[in-house]
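The structure appears right after this line, and notes come after that.
Computed from a predicted model, the values in this text were never measured in an experiment. Because only heavy atoms are used, hydrogens play no part in the values below, and waters and symmetry mates are left out as well, while side chains stay in.
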Amino acid sequence: MREASTPKLAVFRTDSGVTISVGEKTYFVDKSEPFYNIALKSLEMNDYVPFYVEVAKREGKGREFSESLNKEVARFLEEEGDEE
């Protein structure tokens with residue numbers, strides 16, 4: 001049984017900025033953009049979640065993604081509270 005392939009995230013840093021590639025789509029983050037500093041810090045920490053958030057935002061799904069993420073965090077915090 002074959003699983004559906006999911007797009008892979010690739011991040012490249014250049015002299016001009018940062019390129020984010022997900023599947024067939026590519027996004028460029030110029031050094032002048034506010035996200036550039038976040039991207040550099042995320043790369044240093046090997047934290048790729050901010051790149052997924054940025055892609056969702058650029059795809060026009062930022063609000064939907066944010067709401068979904070907030071629900072997951074709330075659910076996690078509720079479960080942690082139940083364990084105490």
Exercise for the section: Apply side chain to side chain contact (heavy atoms under 4.5 Å, CB included) to D47 and list each qualifying residue two or more places apart in sequence or on a separate chain. Expected result: M45, V49, P50

Problem - Close side-chain approach of Y36 and R13, heavy atoms under 4.5 Å - result: yes

Handout entry: From CD (E78) to CZ (R75), nearest 0.5 Å
Key = 9.5 Å

Completion exercise
CD1 (I20) and OG1 (T26) are apart, to the nearest 0.5 Å, by 10.0 Å

Problem - Validation row: S42, F51 side chains within 4.5 angstrom (heavy atoms) - result: yes

Practice task
Report yes or no: do V53 and V55 belong to one cluster of Ile/Leu/Val/Met/Phe/Trp/Tyr joined by side chain heavy-atom distances under 4.5 Å?
Solution key: no

Fill in the blank from the handout: The complete set of salt bridge (Lys or Arg N to Asp or Glu O under 4.0 Å) pairs with one or both residues in residues 23-39, sequence neighbours excluded, reads K25-E59, E33-R58

Problem - Evaluation steps, side-chain contact (heavy atoms from CB on, under 4.5 Å), between V11 and T19 - result: CA-CA 6 Å; V11 180; T19 300; over 6 Å; no

Fill in the blank from the handout: So the ring-ring contact (aromatic ring centres under 6.0 Å, His included) pairs with at least one residue in residues 7-28 (sequence neighbours excluded) are none

